[in-house]
4 protein chains.
Amino acid sequence: MSTSQGSTGEPRRSRGRPRTPGAEQRIIDAALEEYGEHGWSGFTMDGVARRAGVGKSTVYLRWQDKDALLTDAVSASSDTLGNVDTGSLRGDLRALAVNLFRHYRDPAGWAGLRVVIDAAGAPEQLGGFTQAVTEVQVDWVVQMAERAVARGELAADYPPVEMGQCIYGSVIVQTLTRRLDGRTLTDEEIETRASALVDLVLDGATT
Amino acid sequence: MSTSQGSTGEPRRSRGRPRTPGAEQRIIDAALEEYGEHGWSGFTMDGVARRAGVGKSTVYLRWQDKDALLTDAVSASSDTLGNVDTGSLRGDLRALAVNLFRHYRDPAGWAGLRVVIDAAGAPEQLGGFTQAVTEVQVDWVVQMAERAVARGELAADYPPVEMGQCIYGSVIVQTLTRRLDGRTLTDEEIETRASALVDLVLDGATT
Amino acid sequence: MSTSQGSTGEPRRSRGRPRTPGAEQRIIDAALEEYGEHGWSGFTMDGVARRAGVGKSTVYLRWQDKDALLTDAVSASSDTLGNVDTGSLRGDLRALAVNLFRHYRDPAGWAGLRVVIDAAGAPEQLGGFTQAVTEVQVDWVVQMAERAVARGELAADYPPVEMGQCIYGSVIVQTLTRRLDGRTLTDEEIETRASALVDLVLDGATT
Amino acid sequence: MSTSQGSTGEPRRSRGRPRTPGAEQRIIDAALEEYGEHGWSGFTMDGVARRAGVGKSTVYLRWQDKDALLTDAVSASSDTLGNVDTGSLRGDLRALAVNLFRHYRDPAGWAGLRVVIDAAGAPEQLGGFTQAVTEVQVDWVVQMAERAVARGELAADYPPVEMGQCIYGSVIVQTLTRRLDGRTLTDEEIETRASALVDLVLDGATT
DNA sequence: AATTAATCGAGACGGTACGTCGGGTCTTATG
DNA sequence: CATAAGACCCGACGTACCGTCTCGATTAATT
């Protein structure tokens with residue numbers, strides 16, 4: 001997901017001094033912390049560099065600009081949200097919803113949402129990123145649904161994409177609403193809401 | 001929704017030169033156009049003032065800062081989204097979903113979403129606004145559901161807030177995804193998706 | 001000599017807010033002080049702006065870059081060096097030499113010399129400036145010599161430009177040499193050296 | 001004159017890879033060319049290293065910093081300026097003046113002047129260098145004068161230092177002025193000016 | 001009619017952050 | 001070991017924008 005290097009396991013060593021190993025991660029961590037503390041306006045490249053104990057040029061050597069850094073920092077923390085397999089569709093969806101609630105509860109996850117919105121507003125520049133974040137998350141639901149179909153829990157012709165969108169979107173809206181009064185959801189609330197959400201999506205409102 | 005003055009139809013004339021009548025609207029239009037063309041990073045107050053043919057002080061006389069202007073410009077276009085009454089719950093929800101899709105399809109509505117995200121990230125500053133935008137939209141669903149309960153379409157104990165969150169959120173996620181490849185949804189697609197979404201919410205996935 | 005405005009007494013008022021009157025001078029003073037304290041490497045635009053109590057944009061609104069500011073600041077302090085008229089050629093030249101010695105003794109004057117050297121190295125960019133500083137100073141000697149010719153002190157056909165170059169140059173070289181051991185010339189030394197210099201130029205070495 | 005190592009012809013071989021033979025000279029040449037083309041502001045160590053086809057560390061291995069490199073590059077070409085003996089004082093001085101004119105005409109010599117100015121501005125760091133360049137040059141005049149005294153051309157009590165300063169300084173000022181219009185002196189002009197200068201210094205203006 | 005006061009366009013102002021660049025140091029793989 | 005390459009930290013550069021301010025010029029409502 002990183003902008004800075006291809007994932008091809010190229011063992012080729014370049015000539016000069018190699019890039020400091022820990023720097024990448026230290027910068028990303030610093031970026032998330034800075035964003036969490038100061039919000040978007042107050043998120044400074046100088047601040048990130050200082051907190052990471054790194055020169056600004058070291059940051060700009062790896063990321064093109066502020067957006068690219070935040071983008072990368074943010075997508076690093078949303079990779080494993082959907083890696084669940086509880087044996088039942090309802091269980092899988094509940095676990096996913098809980099993970100999503102927790103992810104968007106903390107500033108890093110929230111920052112990701114901000115970046116996604118930006119990216120969608122300027123798709124020619126950041127298009128690839130949003131795909132990585134958004135569609136991947138919807139995809140997990142598709143995989144869960146396929147397992148459910150294989151188990152006979154779900155009709156084969158049911159399009160699961162809409163379910164994913166509902167769950168993903170509902171979590172966002174609820175987090176949005178909940179952040180307004182300055183507080184965030186407790187773990188118990190998250191469990192309750194996740195169950196209600198999944199029940200609605202699976203059983204419908206008119207049952 | 002304007003920040004600058006109460007809506008009380010006060011006919012009282014102040015002493016000095018009255019504010020130029022068209023200015024308010026010209027500025028809002030300019031703001032939406034600038035945002036639509038350049039996105040957030042590229043949306044500058046100087047740019048808005050120049051495009052509106054107005055001095056910067058004229059803008060700052062009416063809005064406190066950049067956020068307030070964008071907020072106002074944006075929320076002016078989202079007031080009537082839920083004013084529908086088709087006689088059936090399914091029809092109401094479909095109409096609402098269609099309106100939401102259309103709203104978030106153009107840059108003005110999209111900008112609103114960004115402002116909401118920002119506001120939620122800094123609730124102490126912009127909290128009031130997000131309430132106006134977010135909860136109001138969910139509220140419409142509540143009213144629709146109440147009418148449906150009165151008509152006997154829906155069980156009285158069913159909590160409609162989740163339905164609103166699902167619909168609202170799903171539209172957001174779908175718009176997000178759709179903006180990625182540089183194109184937006186056609187009206188036909190919107191109709192199809194709105195129906196599918198409402199069916200899912202009303203009937204559930206496991207029917 | 002200022003880069004920022006023509007000297008034509010144009011009473012025409014421009015439209016916006018007029019430039020703060022004292023700013024120009026405050027910035028120049030700050031520049032000379034900063035240069036005097038920290039030298040060239042250590043002479044910072046941020047430092048100048050801060051010391052002058054002024055934003056950086058205010059500085060860059062008036063001067064194109066660092067060089068232009070230092071150039072202007074420096075040439076402002078060398079305008080009256082040759083305004084002397086003692087009644088005799090020898091007296092005039094002595095007064096000029098004393099003034100030059102004193103001028104190059106303090107950091108502001110010295111900075112001017114550096115700028116002149118730079119300018120001569122890149123004449124396409126700063127050519128006009130060096131003329132203002134260098135040739136004007138030589139010119140003073142020409143005027144002194146003309147007065148001397150009118151008084152009958154000097155042969156009419158004697159080219160005075162060489163005299164000016166000798167005096168100007170000798171002061172530079174002596175100041176150069178003297179700054180090496182970390183100390184500068186006292187006023188008495190200046191008087192002595194000025195006399196010796198003028199005597200040499202007027203009477204020659206082989207008298 | 002190199003900063004990096006004594007000139008003692010030590011035939012002792014050190015242990016590792018020997019220094020690339022041509023590097024020293026290639027770097028010096030590159031430095032002079034870079035200075036000649038871009039002037040002081042535009043003279044960068046990266047540029048020198050690249051032009052010399054050498055790593056930056058190779059440069060810093062031999063010279064302590066930018067000043068040291070330029071200093072060295074520059075002083076290599078000013079060693080033999082005063083090695084003249086024509087048999088008469090007037091002839092010696094003329095030859096010296098001609099050499100000086102020629103020296104300061106090309107960028108290398110000019111760069112030396114710039115370095116001298118810098119050095120005088122920060123004597124604690126570069127003091128030794130300026131002495132080497134400045135006083136040595138004045139010294140030549142002293143030696144010429146001593147020979148002249150021995151020949152009976154000059155009164156024994158006449159202080160020759162002032163003569164040297166006059167000649168040295170006048171050449172600088174004239175070169176300064178001449179570089180302004182983008183052109184430099186021709187050899188004929190140099191001869192003429194050298195003669196006029198020496199005549200002034202030897203015979204005085206009031207003869 | 002004269003006065004008063006709010007608003008207007010324009011643009012300078014003090015700040016702050018941007019992304020770039022250069023200096024001088026450090027750390028590798030390669031001779 | 002020395003070298004070449006180039007990443008590293010630092011800090012200044014010149015630019016852009018924010019939100020404020022100060023002008024002269026309008027434009028009513030009030031004297």
Side-chain angles (χ1 to χ4, degrees), chain A residues 12-20 23 41-47 49-50 52-66, chain B residues 12-20 23 41-47 49-50 52-68, chain C residues 13-21 23 41-50 52-66, chain D residues 13-20 23 41-47 49-50 52-68:
Chain A
R12 180 70 180 70
R13 305 290 279 103
S14 65
R15 275 272 293 241
R17 172 176 178 173
R19 297 196 173 174
T20 305
S41 72
F43 173 74
T44 306
M45 292 302 260
D46 292 80
R50 198 176 327 111
V54 139
K56 248 204 305 184
S57 48
T58 302
V59 180
Y60 278 100
L61 192 61
R62 291 169 164 75
W63 291 276
Q64 198 183 14
D65 55 18
K66 196 167 151 168
Chain B
R12 181 73 176 68
R13 303 293 275 102
S14 65
R15 267 260 295 226
R17 171 176 178 173
R19 296 193 173 174
T20 305
S41 73
F43 174 75
T44 66
M45 293 301 260
D46 292 79
R50 199 179 324 112
V54 138
K56 255 205 300 184
S57 47
T58 303
V59 180
Y60 277 101
L61 194 60
R62 291 168 164 76
W63 290 274
Q64 197 184 15
D65 56 18
K66 196 167 150 169
D67 283 330
Chain C
R13 305 288 278 101
S14 64
R15 281 267 297 242
R17 171 176 179 173
R19 297 194 174 174
T20 305
S41 73
F43 173 74
T44 306
M45 292 302 259
D46 292 79
V48 171
R50 199 177 326 113
V54 138
K56 249 203 304 183
S57 50
T58 302
V59 179
Y60 278 100
L61 193 60
R62 291 168 163 76
W63 290 275
Q64 199 184 12
D65 56 18
K66 199 167 150 169
Chain D
R13 300 289 278 101
S14 62
R15 276 249 300 215
R17 168 176 177 174
R19 296 196 172 176
T20 306
S41 73
F43 174 75
T44 65
M45 293 300 261
D46 292 81
R50 201 178 322 113
V54 140
K56 254 206 300 182
S57 46
T58 304
V59 180
Y60 278 99
L61 193 60
R62 291 168 164 77
W63 290 275
Q64 197 184 17
D65 56 19
K66 193 167 152 170
D67 283 329

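We name chains A, B, ... by the order of the sequence lines, and we start the count at 1 in each one.
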By salt bridge (charged side-chain N to carboxylate O under 4.0 Å, His left out) - contacts of K56(C) (at least two apart):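 Residues passing salt bridge (charged side-chain N to carboxylate O under 4.0 Å, His left out) with K56(C): D46(C).
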Euclidean distance, M45(D) CE relative to D65(D) CG, rounded to 0.5 Å: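 One gets 7.0 Å once the value is rounded to the nearest 0.5 Å.
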Once rounded to the nearest 0.5 Å, what's the spacing between atom CD of Q64(B) and atom CG of D67(B)?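 Here the interatomic distance stands at 9.5 Å.
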Calculate the interatomic distance between [X] atom [atom1] and [N] atom [atom2]; express it in whole Å.
| X | N | atom1 | atom2 | value |
| --- | --- | --- | --- | --- |
| R50(A) | dG11(F) | CZ | C1' | 12 Å |
| L61(B) | dT20(F) | CG | C1' | 13 Å |
| R19(B) | dA29(F) | CZ | P | 16 Å |

Looking at R62(C), I'd like to know whether one of its side-chain N or O atoms comes within less than 4.0 Å of OP1 or OP2 on dA12(E).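 For dA12(E), OP1/OP2 do not have a side-chain N/O of R62(C) under 4.0 Å.
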Judged by each residue's nearest nucleotide on DNA chain E, which is more toward the 5′ side, A23(C) or G42(A)?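 So the residue in question is A23(C).
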Check whether T20(B) reaches the backbone of A23(B) with its side chain - one donor and one acceptor, N or O, closer than 3.5 Å.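 Flag not set: sc T20(B) to bb A23(B) has no pair under 3.5 Å.
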With B for base contact, S for sugar-phosphate-only contact and - for none (protein heavy atoms under 4.0 Å), nucleotides 20-27 of chain E reads B-SSBBBB
Side chain proximity check, R19(A) to L61(A), heavy atoms < 4.5 angstrom: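 With C-beta onward as the side chain, the pair touches.
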Could you check T20(A) against G53(D) and say which one's nearest nucleotide on DNA chain F is further toward the 5' end?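 It is G53(D), whose closest nucleotide lies nearer the 5' terminus.
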Any N/O pairs under 3.5 Å between the protein and nucleotides 2-4 of chain E? List them or say none.
{"from": "dT4(E)", "atom 1": "O3'", "to": "R15(B)", "atom 2": "NH2", "distance (Å)": "2.9"}

